[in-house]
**Q** 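Quick one: the structure is below, questions incoming.
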Amino acid sequence: MSLRPSAYLILLSLASLLSIGLTSTSHAQAAAAKIKVACVGDSITFGSGIADRENASYPAQLQKLLGDNFEVKNFGVSGRTMISKSPSAWINTKQYKDALQ
């Protein structure tokens with residue numbers, strides 16, 4: 001899998017945030033708990049047009065890239081928007097509430 005330069009920046013930013021977030025966690029806690037990554041924005045995370053979504057969608061590729069210490073899940077909802085004042089806002093869905101958990 002080859003990554004575009006922008007993907008490196010996103011992964012670098014993710015790694016930076018994770019290292020900051022783990023400083024208050026003991027090494028034993030960090031080793032025992034998986035770091036959870038929530039993917040949102042269904043049109044990109046669902047993998048429209050991808051034949052094997054289970055293995056080839058963005059969340060699946062991110063899971064493979066990050067490894068077993070991470071738990072990557074897709075919380076995107078088709079036809080929803082990130083605009084909170086919209087009647088079809090993603091924040092009004094069960095998936096949003098699940099992502100917060």
**Q** Tell me the closest heavy-atom pair linking P87 and N92, and the distance in Å.
**A** O-ND2, 4.5 Å
**Q** Go through F75 and D98 one step at a time and tell me if the side chain to side chain contact (heavy atoms under 4.5 Å, CB included) criterion holds.
**A** CA-CA 8 Å; F75 293 95; D98 290 346; 3.7 Å; yes
**Q** Looking only at heavy atoms, which two atoms of A99 and A38 are closest? And how far apart?
**A** CB-CB, 4.4 Å
**Q** Decide if atom CG of D52 counts as having more than 12 heavy atoms of other residues, nucleotides or ligands within a radius under 6.0 Å.
**A** yes
**Q** Does a sphere of radius 6.0 Å around CD1 in I83 hold more than 12 heavy atoms from other residues, nucleotides or ligands, not counting ones at 6.0 Å or beyond?
**A** no
**Q** Could you check whether any side-chain heavy atom of T93 comes within less than 4.5 Å of a side-chain heavy atom of R80, counting everything from C-beta outward?
**A**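 Yes, at least one pair of side-chain atoms sits under 4.5 Å.
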**Q** Looking only at non-hydrogen atoms, find the nearest pair between P59 and N74 and report the distance.
**A** CG-CB, 3.9 Å
**Q** Side chains of V72 and L66, heavy atoms from C-beta outward: is any pair under 4.5 Å?
**A**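 They are in contact (side-chain heavy atoms under 4.5 Å apart), so the answer is yes.
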**Q** Determine, stepwise, if the pair F70 / K34 fulfils side chain to side chain contact (heavy atoms under 4.5 Å, CB included).
**A** CA-CA 5 Å; F70 293 82; K34 288 188 176 192; over 6 Å; no
**Q** Just how far is it from atom CG of N55 to atom CD of Q61, taken to the nearest 0.5 Å?
**A**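 It is 10.0 Å, given to the nearest 0.5 Å.
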**Q** I need the K73 NZ to Q95 CD distance, nearest 0.5 Å.
**A**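 The NZ atom of K73 sits 12.5 Å away from the CD atom of Q95.
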**Q** Walk me through it: do L62 and C39 pass the test side chain to side chain contact (heavy atoms under 4.5 Å, CB included)?
**A** CA-CA 10 Å; L62 184 58; C39 298; 4.2 Å; yes
